[in-house]
Structures are given as C-alpha cells and as structure tokens.
K.L.:
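Please find one structure pasted underneath; my questions will follow.
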Amino acid sequence: MITIRPFREADPAAVEALLDRAFGPDRQKKTVYRLREGVPAVKELGFVAFDNKALRGSLQFWPIQVRPLQSGGPPVNAILLGPLAVEPAYAGRGIGLGLMRVGLQKARQQGHRIVILVGDLPYYSRVGFQREGAEGLRLPGPVDPNRLLIRELVEGAAAGLEGLIEKPALTAAESAEAPDHREAAP
Ligand SMILES: CC(C)(COP(=O)(O)OP(=O)(O)OC[C@H]1O[C@@H](n2cnc3c(N)ncnc32)[C@H](O)[C@@H]1OP(=O)(O)O)[C@@H](O)C(=O)NCCC(=O)NCCS
C-alpha cells in the first residue's frame, strides 16, 4: 500500500537519487531549475510516497513571483509545482496524482493562491491545471509555451496575471536556508 507523508529531515538524499532516476542526470539544465538555485523549497510543502518503507515518489514546491511587464505593478507571489517524480517501475498507480492532490490541498491551507508549472497539459489538467491564464507568463529561459500551465487555488487570484516568472525576494535567513545546490552558480 502506498502512503503519502510530509518530508522528513532524512529524505532529501533519497529524493535527489529518485529525481536523477526519473528525469535523468541532465535534469538541472532545465529552465525551471534556474528558479530554484539558492532558494529553499516551500516549507512544509514537500511530500514523499512510500511503499514497504521504500521511496516511490516525491513532490516539492518552490516559491516564485511574477513580475508584471506591462502594468509595472508589484510582483505577485505564486508557487512552482515540482519536481514531481515517481519511481519508473511504479508509474501508472496513481502516485503522481495522489502526491499532487495532497500537495495542492496543503498549499491552499497554507494560504498560497496561484500554482504554476511546466509540464504536459493532458496529465496536469487532471488536477486542475490549464493553459488559459498562463499565456502572458514568461520564464527566464527557453520553454515550450504550451507546457506552461497555471492553477488558481483561490478563484480569481490569477485574473489578468502576466509577466516574468522569477525567484522571490528572499530574506537573509531564507537565503541561508537554501540547500547547497549542486548546480549553484560558481
Ligand atoms: C509523470 C509522472 C510524475 C506520472 O506519475 P504516475 O504516478 O505514473 O502518474 P499517475 O499514476 O498518478 O497517473 C497515471 C495516469 O496519468 C497518465 N499520464 C502519465 N503521464 C502522462 C503524461 N505525460 N501525459 C498524459 N498523461 C499522462 C497515465 O497514462 C495514466 O492514465 P490512466 O489513469 O488513464 O491510466 C511519472 O511518470 C514520472 O515521474 N515521470 C518522470 C519524471 C517526469 O516527467 N515528471 C513530470 C515532470 S513535468
């Protein structure tokens, strides 16, 4: 039986190994990783799926902001869903969707209002993500625009949202908390 529970302190090493298996060693070259460098994941919003004490899946979220390019208004806070990974041999058993349902519910409880991700619409539409509303968003690097998806956790939170998705402004304490990322710029 698969059990989903929040991240514990000992989980990150196993999760990193799972991410390498699921995405391949080049995963950190993706544009979304630029947004994670030097930024800690959202606290209490990391989840792992276990089966017989073995890690089978994981989900984390990162804080981001959308800086309007047209209105010049203040940045809008959001969270980036991912990485989401399921042990390849355990794909198709509902682990990915289960992790996202738990994660999105908890995110709403924490007061987050907008979730953005880069992924396949046919899959992520199953947990409410859509392309509509994400057309005006830009990432700081190349990405297939059809894969840039959005989901409101609060109705109307993303109305008229446009602009550049970027790292959030961090406090010194938050910066200090960021893991020493393998890919951090030299
Ligand atoms: C993509 C991934 C997270 C899916 O996890 P999973 O636990 O296998 O997915 P679930 O069991 O919850 O959902 C399975 C359903 O989603 C469908 N599905 C899975 N990936 C899909 C995709 N990319 N596009 C469309 N449908 C997809 C399956 O066909 C299946 O459909 P069914 O219920 O009608 O049979 C997992 O395969 C994975 O880790 N892949 C490698 C890493 C990755 O690509 N992560 C996502 C980054 S965008």
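Whatever order the structure lists them in is the order used to number ligands and atoms, beginning at 1. Predicted, not measured: the structure shown is a model, and the values here were computed from it. When a residue number appears, it is its place in the shown sequence, counting from 1. When reading the values below, keep in mind they use all heavy atoms of this one structure, side chains included, and skip hydrogens, waters and symmetry mates.
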K.L.:
Quiz question for you: does at least one protein heavy atom lie closer than 4.0 Å to atom 9 (O) of ligand 1?
P.N.:
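Yes, there is one.
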
K.L.:
Under 4.0 Å from any heavy atom of Gly96, which atoms of ligand 1 are there?
P.N.:
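Ligand 1 atoms under the 4.0 Å threshold to Gly96: 5 (O), 6 (P), 7 (O), 12 (O).
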
K.L.:
Looking at ligand 1, does any of its N/O atoms fall within less than 3.5 Å of an N/O of Phe23?
P.N.:
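No: no nitrogen or oxygen of Phe23 is under 3.5 Å from one in ligand 1.
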
K.L.:
Check this for me - ligand 1, Val86, N or O atoms closer than 3.5 angstrom, yes or no?
P.N.:
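By distance alone, the answer is yes.
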
K.L.:
Within a reach of under 6.0 Å around CD of Gln130, are more than 12 heavy atoms found that belong to other residues, nucleotides or ligands?
P.N.:
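Count over threshold, so yes.
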
K.L.:
Hey, are Asp26 and Lys29 close enough for a salt bridge, meaning a charged N less than 4.0 Å from a carboxylate O?
P.N.:
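Result for this pair is yes, salt bridge flagged.
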
K.L.:
Can you find a protein heavy atom closer to atom 47 (C) of ligand 1 than 4.0 Å?
P.N.:
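Within 4.0 Å of atom 47 (C) of ligand 1, protein heavy atoms are found.
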
K.L.:
Ignoring hydrogens, just give me the one of Arg126, Arg147, Arg56, Lys30 whose non-hydrogen atom is nearest atom 15 (C) of ligand 1.
P.N.:
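Checking each option, the heavy atom nearest atom 15 (C) of ligand 1 is found in Arg126.
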
K.L.:
Note the single closest protein heavy atom to atom 41 (C) of ligand 1, along with its residue, its atom name and the distance in Å.
P.N.:
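Ranking protein heavy atoms by distance from atom 41 (C) of ligand 1, first comes Ala22 O, 3.6 Å.
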
K.L.:
Look only at the side chain of Glu135 and the backbone of Gly133, and say whether a donor-acceptor pair between them is shorter than 3.5 Å.
P.N.:
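Pair found, side chain donor or acceptor close to backbone of Gly133.
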
K.L.:
Where the side chain of Glu162 meets the backbone of Leu69, is there a donor-acceptor pair that is under 3.5 Å apart?
P.N.:
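Yes: the side chain of Glu162 pairs with the backbone of Leu69.
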
K.L.:
Considering only heavy atoms of Ile95, which atoms of ligand 1 have at least one such atom less than 4.0 Å away?
P.N.:
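Heavy-atom distances to Ile95 below 4.0 Å select 7 (O), 11 (O), 12 (O).
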
K.L.:
Could you tell me which atoms of ligand 1, counted from 1 in the order shown, lie closer than 4.0 angstrom to a heavy atom of Ala85?
P.N.:
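Ligand 1 atoms under the 4.0 Å threshold to Ala85: 39 (O).
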
K.L.:
Check whether Asp20 reaches the backbone of Ala17 with its side chain - one donor and one acceptor, N or O, closer than 3.5 Å.
P.N.:
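No: the side chain of Asp20 does not pair with the backbone of Ala17.
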
K.L.:
Determine, considering heavy atoms only, which of Leu84, Ile2, Leu121, Val32 sits nearest to atom 45 (N) of ligand 1.
P.N.:
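It is Leu84 that holds the nearest heavy atom.
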
K.L.:
At what distance is the nearest protein heavy atom to atom 1 (C) of ligand 1, and which residue and atom is it?
P.N.:
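That would be Tyr123 CE2, 4.3 Å.
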
K.L.:
Specify whether the nearest protein heavy atom to atom 18 (N) of ligand 1 is under 4.0 angstrom away.
P.N.:
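It does; a protein heavy atom is within 4.0 Å.
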
K.L.:
Can you tell which of Pro122, Ser125, Ala91 gets a heavy atom nearest to atom 37 (O) of ligand 1?
P.N.:
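The residue whose heavy atom sits nearest atom 37 (O) of ligand 1 is Ala91.
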
K.L.:
So, 4.0 Å and heavy atoms of Val118: is ligand 1 close enough to count as a contact?
P.N.:
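Yes, Val118 has heavy atoms under 4.0 Å from ligand 1.
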
K.L.:
Any atoms of ligand 1 less than 4.0 Å from a non-hydrogen atom of Gly119? List them with their elements.
P.N.:
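Reading through ligand 1 atom by atom, the close ones are 48 (S).
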
K.L.:
State yes or no: do Leu139 and Ile116 share one hydrophobic cluster built from I, L, V, M, F, W and Y residues joined by side-chain heavy-atom distances below 4.5 Å, directly or via other members?
P.N.:
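In one cluster with Leu139: Ile116, yes.
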
K.L.:
Looking at Asp120 and Pro122, would you say the former's side chain and the latter's main chain have a donor-acceptor pair under 3.5 Å?
P.N.:
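No, the answer is negative, given that no donor and acceptor are paired below the 3.5 Å cut-off.
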
K.L.:
For residues Phe47 and Met100: do they belong to one hydrophobic cluster (side chain heavy atoms under 4.5 Å, members Ile, Leu, Val, Met, Phe, Trp, Tyr)?
P.N.:
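Yes.
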
K.L.:
Okay, side chain of Arg131, backbone of Pro145: is any donor-acceptor separation there less than 3.5 Å?
P.N.:
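Yes, the answer is positive, given that a donor and an acceptor are paired below the 3.5 Å cut-off.
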
K.L.:
Is there a donor-acceptor contact under 3.5 Å from the side chain of Glu87 to the main chain of Ala89?
P.N.:
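Side chain of Glu87 to backbone of Ala89: no pair is present.
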
K.L.:
Given 3.5 Å as the limit, does a donor-acceptor pair link the side chain of Tyr123 with the main chain of Leu97, or not?
P.N.:
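Yes.
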
K.L.:
Among all protein heavy atoms, pick the one closest to atom 12 (O) of ligand 1 and tell me residue, atom and distance.
P.N.:
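Result for atom 12 (O) of ligand 1: Leu97 N, 2.8 Å.
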
K.L.:
I need the nearest protein heavy-atom contact for atom 11 (O) of ligand 1: residue, atom name and distance, please.
P.N.:
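The answer is Gly94 N, 2.6 Å.
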
K.L.:
Can you tell which of Gly98, Gly92, Pro88 gets a heavy atom nearest to atom 14 (C) of ligand 1?
P.N.:
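Closest candidate by heavy-atom distance is Gly92.
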
K.L.:
Who's the nearest protein heavy-atom neighbour of atom 23 (N) of ligand 1, and how far?
P.N.:
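Result for atom 23 (N) of ligand 1: Asp120 OD2, 2.6 Å.
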
K.L.:
Side chain of Thr31, backbone of Pro142: donor and acceptor closer than 3.5 Å?
P.N.:
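Flag set: sc Thr31 to bb Pro142 pair under 3.5 Å.
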
K.L.:
Can you tell me if Tyr90 has a non-hydrogen atom under 4.0 Å from ligand 1?
P.N.:
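The answer is no: ligand 1 sits nowhere under 4.0 Å from a heavy atom of Tyr90.
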
